[in-house]
Amino acid sequence: MPDTPRRTYADLFRTPEFSPLFLSSSANIAAQTVSGLALGTLVFRATDSPLLSAVSMFGPALAQVLGATFFLSGADRLPPRATLAGLSLSFAAATAALALPGLPVWGMLLIVLVEGLIASLGGGVRWGLLTEILAKDGYLTGRSLFNMMSGLMQITGYAVGGVLVTLLSPRLCLLLAAALYGTSAALALRLARRPPRVSGRPSVTATWRANALLWSARPRRHVYLALWIPNGLVVGCESLFVSYDPRAAGTLFACGALGMLAGDVTIGRLLPARLRPRLGIPLLALLAAPYLVLFLRPPLPLAAVLIALASVGFGASLVQQERLVALTPDELSGHALGLHSAGMLTMQGVAAVLAGTVAQFTSPATAMSMMALASLAVTLTLTLASRRDAPDGGLLPTRAAVPSARSS
């Protein structure tokens with residue numbers, strides 16, 4: 001079957017509501033990038049601890065599991081416009097609080113964990129709204145553009161943030177991030193008022209029921225695990241950039257974002273649909289393999305190239321998300337994508353803590369290599385299990401796998 005025509009990026013910006021959602025998300029990513037680097041640097045300077053530095057940057061993700069367990073039903077049951085604006089304003093206030101002079105490290109960690117808890121709804125609301133604005137047939141193109149934007153914002157944010165942290169101070173950078181969150185809230189208010197996708201009030205029972213339904217289908221379970229674990233373990237490597245090379249951390253983060261951008265452009269726009277499924281597993285392997293070389297402490301230019309090359313592998317998530325959307329009923333799209341986002345971020349937080357702990361007793365370079373080996377082992381295990389259970393599809397999207405999953 002020939003590939004169906006895909007929307008161009010210009011088509012997306014001609015779609016009503018796409019631009020304000022895109023711009024609001026751009027400001028949100030810029031704020032996350034600047035605040036994460038500033039806070040990680042502030043904590044490392046205060047404690048000289050790779051573990052605490054990693055937790056400060058990626059700790060908010062640990063609270064995502066609580067949100068996914070108790071609050072995620074709100075992703076389809078709350079009005080998206082007000083929810084997105086409210087989340088951004090909450091982050092603005094919390095980030096400004098982090099800049100308070102004299103705030104102890106335990107207080108900073110407590111605030112970032114609260115940030116993770118209130119952010120647990122964000123992914124589900126945002127990506128569920130995207131499926132409404134573009135419909136499912138436009139989701140991959142739209143999400144690839146969002147991922148490209150995320151890469152560009154991270155490149156810019158880490159590069160500019162690295163300079164500002166050095167020339168000014170981490171606390172001033174935190175105040176800049178708070179202003180960016182406020183901008184994100186203002187842009188979100190330009191969205192049209194939409195009713196929730198599902199009637200009824202959010203509740204813990206509704207969250208558990210939907211989670212159980214989504215988890216009940218084996219093909220969706222495999223996709224979720226492939227989205228969460230290999231990716232998360234590699235983010236554990238990234239959480240050590242500050243302790244690996246404090247002066248060049250911004251450069252390393254920017255190179256990683258550049259590689260991610262290249263992978264998203266390739267998967268989202270350049271490859272025809274018939275080829276994308278074949279690259280899911282190779283991209284997951286690419287995501288981890290270059291980090292094995294960092295055990296040898298290569299020069300900074302080579303380390304930067306290896307990190308950029310590895311980050312191309314993040315394009316695997318587009319392949320997996322496309323299948324997840326195809327496997328999910330429309331009325332659960334926000335919840336399903338929110339569960340993906342919450343699980344992914346939770347795993348990233350767990351991996352950051354694990355990587356920081358290993359680095360505390362060995363070295364950042366050793367910890368990176370160990371996390372990369374674990375990611376490769378998980379990818380191999382999931383691939384073998386998926387092919388054994390579903391020889392015609394496995395982790396890859398195939399026409400035969402979709403009907404059986406939808407009927408579950």
Side-chain angles (χ1 to χ4, degrees), residues 3 6 139-141 143-144 147-148 150-151 218-238 255-295 302-327 340 343-344 347-348 351 368-402:
D3 292 331
R6 198 185 313 169
Y139 177 81
L140 178 77
T141 304
R143 188 62 190 266
S144 72
N147 286 0
M148 289 168 56
S150 177
R218 189 184 301 270
R220 279 197 296 264
R221 285 202 299 273
H222 288 152
V223 174
Y224 275 128
L225 292 174
L227 280 164
W228 294 342
I229 303 179
N231 172 310
L233 291 168
V234 170
V235 172
C237 299
E238 294 183 344
C255 288
L258 180 62
M260 184 177 68
L261 173 63
D264 288 331
V265 172
T266 301
I267 299 299
R269 285 299 302 158
L270 301 182
L271 284 180
R274 67 180 181 277
L275 296 181
R276 286 198 301 268
R278 300 176 183 271
L279 293 180
I281 302 305
L283 284 170
L284 285 179
L286 176 64
L287 184 60
Y291 280 96
L292 299 176
V293 183
L294 296 187
F295 178 76
L302 178 56
V305 170
L306 289 170
I307 288 168
L309 179 62
S311 296
V312 173
F314 281 116
S317 67
L318 285 176
V319 178
Q320 295 153 352
Q321 287 177 61
E322 185 178 34
R323 188 183 186 205
L324 179 61
V325 169
L327 294 172
H340 147 56
M344 177 186 68
M347 185 60 210
Q348 290 175 3
M368 286 182 182
S369 298
M370 294 178 66
M371 300 299 285
L373 279 173
S375 180
L376 289 170
V378 170
T379 295
L380 177 61
T381 301
L382 286 174
T383 302
L384 294 176
S386 181
R387 288 178 177 172
R388 181 177 63 249
D389 295 332
D392 59 342
L395 290 175
L396 309 178
T398 64
R399 285 186 293 273
V402 173

Donor-acceptor under 3.5 Å (Ser311 side chain, Met260 main chain):
no
Would you compute the distance between atom CG of Leu227 and atom CE of Met344 and round it to the nearest 0.5 angstrom?
8.0 Å
Rounded to the nearest 0.5 Å, how far apart are CG of Leu225 and OG1 of Thr379?
11.5 Å
So which heavy atom on Leu286 is nearest to which on Gly313, and how close?
CD2-N, 4.1 Å
Could you state the interatomic distance from CD1 (Ile307) to CG (Leu302), rounded to the nearest 0.5 Å?
9.5 Å
Hey, does the side chain of Ser375 reach the backbone of Met371 with a donor-acceptor pair shorter than 3.5 angstrom?
no
Indicate the atoms forming the closest heavy-atom contact of Leu327 with Arg220, along with that distance.
O-NH1, 2.7 Å
Evaluate the side-chain proximity of Leu376 to Leu380: yes if any heavy-atom separation is below 4.5 Å, no if none is.
no
Give the minimum heavy-atom separation between Leu306 and Pro290, together with the two atoms involved.
O-CB, 3.4 Å
Measure across Gly232 and Met347 and return the closest heavy-atom pair with its distance rounded to 0.1 Å.
CA-CG, 4.0 Å
dist His340:NE2 -> Tyr224:OH (nearest 0.5 Å) comes out at 8.5 Å
OG-CG distance between Ser317 and Leu324, expressed to the nearest 0.5 angstrom:
11.5 Å
For the student: nearest non-hydrogen atoms of Glu238 and Phe314, plus distance:
OE2-CE1, 3.6 Å
CG/Leu284 to CG/Leu233 distance, rounded to the nearest 0.5 angstrom?
11.0 Å
Please give me the minimum heavy-atom distance between Tyr291 and Ser369, naming the atom from each residue.
O-OG, 3.5 Å
